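Everything below concerns the one structure shown next.
Lettering follows sequence order; numbering is per chain, from 1. All values derive from a computational prediction rather than experimental measurement.
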Number of protein chains: 2
Amino acid sequence: MSKSETKVLHALERVGGFASAQELHMVLKRNQEAIGLTTVYRALQSLVADKSVDLLRREDGEAIYRLCGDAHHHHLVCKNCGKTVEIEGGVIEKWAQKSGEEHGFRDIGHTAEIFGICSDC
Amino acid sequence: MSKSETKVLHALERVGGFASAQELHMVLKRNQEAIGLTTVYRALQSLVADKSVDLLRREDGEAIYRLCGDAHHHHLVCKNCGKTVEIEGGVIEKWAQKSGEEHGFRDIGHTAEIFGICSDC
DNA sequence: AGCAGAAATGGAAATGGTTGTCATTTTCAA
DNA sequence: TTGAAAATGACAACCATTTCCATTTCTGCT
């Protein structure tokens, strides 16, 4: 594991959830852990390829990253105020795995998000 | 409904599934239905706001659109060759609805996609 | 029909996240 | 130490999407 990958992992731990490449870059800058933006992107690519980090998408398409090994869960997001609740998703894991296998797929992953309007909005 | 929105809806029917804004623009060009790219984007924004069209994301973050009212289903996509299989997702509908309600959300929707490597790859 | 104001249109330029390029620096084995 | 290979980062290129703005089309009114 290269030095930059270590730094990026460390930054991901610090933010403790999701972060975009640009956000991680800013976090690293603020902590005298200076590292180029290009290198952050490269490190994230390797980490995703190694399955050390998960890649998701925000609603606007921006890529966001999360440490694997975090309990795998999904999100319930308010379309109005952005409030986010973590949801248990065992049902989904099984559904994805089963559906994939039935069609002869391997190396199966999935994304699932729920959105709506929260009680405060 | 403006003229351009009609054209875009028509193009979406013709492609019969998912299409990006750029793809829809090309489809329209090819069929003497010339219309500016900007207008395609604007029409899609309105249609999404009206809930006439659904907005999803490809894995690379590009926005893709689909007619609402199509039987609601999900997709199993090969990460390697792009082959797509439509999947029945009743389980997911229930899971999304239930999870949302439990947290006091209303107007609940969801996205879910499965991806993997297909048997031909 | 003729007119004014509003809405729609589309080409060009701007934006912003992401990736490619390439010269320089660091690492590491011989 | 030394030379090849990998890593790094500033900068430019890319591409989907949005913004800008001048022009055209629509609409209601007389």
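For the side-chain contact (heavy atoms from CB on, under 4.5 Å) with F115(A), the qualifying choice from D107(B), T111(B), I108(B) is T111(B), the only one to do so.
Counting non-hydrogen atoms under 4.0 angstrom, Q22(B) reaches a base of the nucleic acid. Among the atoms of the strands shown, only primed sugar atoms or phosphate atoms (P, OP1, OP2) are found under 4.0 Å from some heavy atom of Q45(B). Within the nucleic acid shown, S20(B) has no heavy atom closer than 4.0 Å to any nucleic acid atom.
Set against dG9(D), dT18(C), dA16(D), the side chain of L37(A) has dT18(C) as its closest nucleotide. Of the candidate nucleotides dA7(D), dA12(C), dG9(D), dA12(C) has the atom nearest to the side chain of T38(B).
Between the CD atom of E23(B) and the C1' atom of dC15(D) there is a distance of 14 Å, rounded to whole Å. A straight line from CZ of R58(A) to P of dG16(C) spans 15 Å, rounded to a whole angstrom. For the pair H25(A) NE2 and dA10(D) C1', the interatomic distance rounds to 11 Å; values are reported in whole Å. The interatomic distance linking E62(B) (CD) with dT18(C) (P) rounds to 14 Å, in whole Å. The CD1-P distance, from I35(A) to dA10(D), rounds to 11 Å in whole Å. At whole-Å resolution of the value, CG in L55(B) and C1' in dT17(D) are 12 Å apart. To the nearest angstrom, P of dG10(C) lies 13 Å from CG of L44(B). Atom pair R42(B):CZ and dA12(C):C1' shows a separation of 13 Å (rounding to whole Å applied).
Ring-plane geometry between H74(A) and H110(A) is classed as tilted, the angle between the planes lying from 30 to 60 degrees on a 0 to 90 degree scale.
Look at T39(B) and you'll find a side-chain N or O under 4.0 angstrom from OP1 or OP2 of dG10(C). Checking the phosphate oxygens (OP1, OP2) of dT18(D), no side-chain nitrogen or oxygen of Y41(B) falls inside 4.0 Å. The phosphate of dT8(D) has OP1 or OP2 within less than 4.0 Å of a side-chain N or O from S4(A). Contact annotation: K3(A) reaches the phosphate of dT27(C) (side-chain N/O to OP1 or OP2, under 4.0 Å).
For an aromatic pair to be called close, the ring centres must be under 6.0 Å apart, and F18(A) with H75(A) satisfies this. Centroid-to-centroid, the aromatic rings of Y41(B) and H25(B) stay 6.0 Å apart or farther.
With salt bridges taken as basic N to acidic carboxylate O contacts below 4.0 Å, one links R58(B) and E23(B).
Residue S2(A) is the one, among R57(B) and S2(A), whose nearest nucleotide of DNA chain D lies closer to the 5' end (criterion: closest heavy atom).
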